[in-house]
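Read through the structure below, which is laid out as structure tokens, and then see the notes.
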Amino acid sequence: MTIAKVIVDVPASSINQTFDYIIPERFQDILQPGMRVIVPFGPRKIMGYVVARVSESSFNRLKEIIDILDLTPILTPELLDLGKWLAEKTLSLYITAFQAMLPQVLKANYKKELERLTDAPLSEKLEIFFAGRDFASYEELENGGVSFYHVQKAIQAGDIAVHYLVKSRVTKKYTTFLKPARDGHLLEEALQDMSNKAKKQQEILAFFIEHPEEIELNSVIKQFETTRSVINALLNKGFLTLLKKEVYRNPYDDDQFEQTNPLELTEQQQAAIEPVKQHIKDNVHDVFLLHGVTGSGKTEIYLQAIQDVIDKGEEAIVLVPEISLTPQMVRRFKGRFGSNVAVMHSALSHGERYDEWRRIHRKEVQVVVGARSAVFAPFENLGIIIIDEEHENSYKQEDSPRYHARDVAIQRGEYHRCPVILGSATPALESYARAQKGVYKLSTLTKRTNEKAMPEVNIVDMRDELHAGNRSMFSRSLKDNIAKRISRGEQVVLLLNRRGYSTFVMCRECGHVQECPHCDIALTFHKHSNQLKCHYCAYEEPMPMDCPSCSSDLIRFFGTGTQRIEEALTQLIPEARVLRMDVDTTRRKGAHEKLLNQFAEKQADILLGTQMIAKGLDFENVTLVGVLTADSMLNLPDFRSSEKTFQLLTQVSGRAGRHDLPGEVIVQTYTPEHYSIELAGHYNFLQFYQQEMQVRKQFQYPPYVYLALITVSHQNHVKAVQSTQKIVKSLWKHVQQDTVILGPTPSPISRIKDRYRYQCMVKYKQEPGLRTLLSKIIRQFDDDVRKDDLQISVDMQPYQLM
DNA sequence: AGCACGCCGACT
DNA sequence: GTCGGCGTGCTC
């Protein structure tokens, strides 16, 4: 076993295979599959993942591994297999799959360096460039005015050499600790001899005689209300010493979470958890779909199931949509399991995320709560995987590898023979259909734990408002109700469903809409900077004073942003204190939590926000939830638009009246008769499911068929169409009779960053060879991809059809 | 992807 | 002869 099979860090389809390397003698005993290594690759050095050790290679001129980057494997055998599976399943590269399973900081950084090898004079420019140094970084060449040709010559002459460096991005955090420098009895003596004036020094020394262990310097200073000078005195006298120790960045102060105990389960909860507990006990895999209305106590079921897993000495993964959005969720898990929980989500810094990952890797925790990528947590004895709000779109990764966390979770659940729980008040249609077929086990929680009824939903037809002469964003009923609640000291949540809406700029005179010159999409108006920005590229321009097309000064922005609603709201109800929550106000780290805390402390009457306020928030004083534009999503070119509308409305309704005060929901819409709105108003999931399934059947959409979406882009319009056409034709030749291929059609956003985008959709029921076929077809475009900058992407489970 | 190598054409 | 711009093929 002296040869290693390595997946190298080169994201190109022609390199998507293992490369063999000799394991040098000095690494024989330490190198294991799953470790990162540095290997020579052509003239350079690059990082790679060892996937296996073998004793023979069909290749006869093997190079040696240069170095090992990890002390222990960072990918377990299971994760190595999972990466392979993932890449093949999603038609992505092995290296991309592996990188997606690990924290960012484990990716390699490449640098080039020039070394001067001779004392003999170099060319004039190179002398200036080196300026007496022996080493210089390669990037400096650009500004140094040295031509690459000169460098080349000098290299060939042996005067200078290029070094390829593989650098780690890992940064570790160190903290200074204090500890006694001598034995206890020596310190005792020193204490006796110490001047009586040095009170602080005495105190501290006495403390260390009692507690001879290492303590953080800062905490000593704080505890004794002293300064560094006192410590320095003790250091100089040689009684204490400093040492630097690596510490984890802990994004959460574990002491701040109040310990909670298991709650008594209701009969329904008991019935739901029983089979799960049995599966945990017997090591049996199954997928449980836990369909429970808001407030039915799904989280308590998760917590108690996890307790069983912990007691058994196994580990648990809990996925939540975007955890920064649900600090309350973190609190519940940390409250129950304390520091046995690692938290992984996008709001953490790279360093924090790496530290949390290492706590998992070193088995210092048994539970991880995190967003999508936490499904790859390097546990080796998984006892359960839970996906909360399983219908959420954020479980689907929208760039390569385009995977759905649900599929990965099930794959891992099968491997570990452990249950997977999918929980939701509004399950994805696909999931519910599988539960109906018996593929998943269905548990239903119909009752709320507090026995309270769901808040009443009133649907307001905004067309009536228009007829009555009310042209504002607020119906009379919503306005009156807000005022009423505020006067009673209660709070209101307002949701602006902005998807599909944006603040674009249009000329009232000629109808001209200002668009991005590089993308086929209207620019969005940003008030604070008075700029028009493109959401798909970096383009921005100042808001024009008059219409670029007809020079009229009647150019205005249209659409409704939260800022405008806020203004309208303060005009309408001047006494209302409004808290606005959107991408603009939550961009800063921790801003999200701060806003929610302000609202919880009743520093505001109204919380106004986009989708992000719909999830998992729980404020006892909120008695009214208003949805300003319920139907704004319905007209999007997306077969899931009804489902998404239903889910959003149901979810946001659950925010009202969760405690003692009865709640009410007001939904404003122009299409009150649409079944997704009407049925959400009655909390009737089952009927929605049945009705939507009929629609899906009629138009042949999932779950009746599977989809694959191929997107082709190129600077040249014709090239993009023709390439897509070729793909479509090749597909036709080989697919089953009942498979449908749509396209080429322009993507919903037909141009991004000056590239034209065309797509082709495959709808199929049974197509076992589709992945192989697709990769074969794409390989035929390898030349165009490399030389002509053609881009082809395949999504085997498209969620966003853009 | 990134790099070397080799061919070609322009410039002094 | 000197220098820079591509196109091509290879990477264990």
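A note on names: the letters A, B, ... follow the listed sequences, proteins ahead of strands, and every chain is numbered from 1. What you are looking at is a predicted structure, and each value in this text was computed from that prediction instead of being measured.
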#### Entry: Near-parallel close stack of A/Phe19 and C/dC12 base (under 5.5 Å, under 30°)
no
#### Entry: Out of C/dC12, B/dA1, C/dT8, whichever nucleotide has its closest atom nearest the side chain of A/Ile15
B/dA1
#### Entry: Residue closer to the 5' end of DNA chain B, A/Val785 versus A/Val162 (nearest nucleotide)
A/Val785
#### Entry: Of the listed nucleotides B/dC3, B/dA4, C/dC12, the one nearest the side chain of A/Phe41
C/dC12
### Message
Under a 3.5 Å threshold, yes or no: a donor from one side chain and an acceptor from the other, between A/Tyr758 and A/Gln722?
### Response
no
### Query
Do the side-chain N and O atoms of A/Glu767 and A/Thr739 include a donor-acceptor pair separated by under 3.5 angstrom?
yes
### Query
Separation of A/Gln152 atom CD from B/dC3 atom P, in whole Å?
11 Å
### Message
Is it the case that B/dA4 (base atoms only) and A/Arg44 (side chain only) share a donor and an acceptor within less than 3.5 Å, ignoring hydrogens and angles?
### Response
no
### Query
Under 4.0 Å between a side-chain N or O of A/Lys112 and OP1 or OP2 of B/dC3?
yes
### Query
Between C/dT8, B/dG2, C/dC12, which one does the side chain of A/Tyr21 approach most closely?
C/dC12
### Query
Are the charged groups of A/Lys173 and A/Glu352 less than 4.0 angstrom apart, N to O?
no
### Exercise: do A/Glu364 and A/Tyr248 side chains pair donor with acceptor under 3.5 Å
yes
### Message
I'd like to know if A/Arg786 reaches the base of B/dG2 with its side chain, counting only an N/O donor and acceptor under 3.5 Å.
### Response
yes
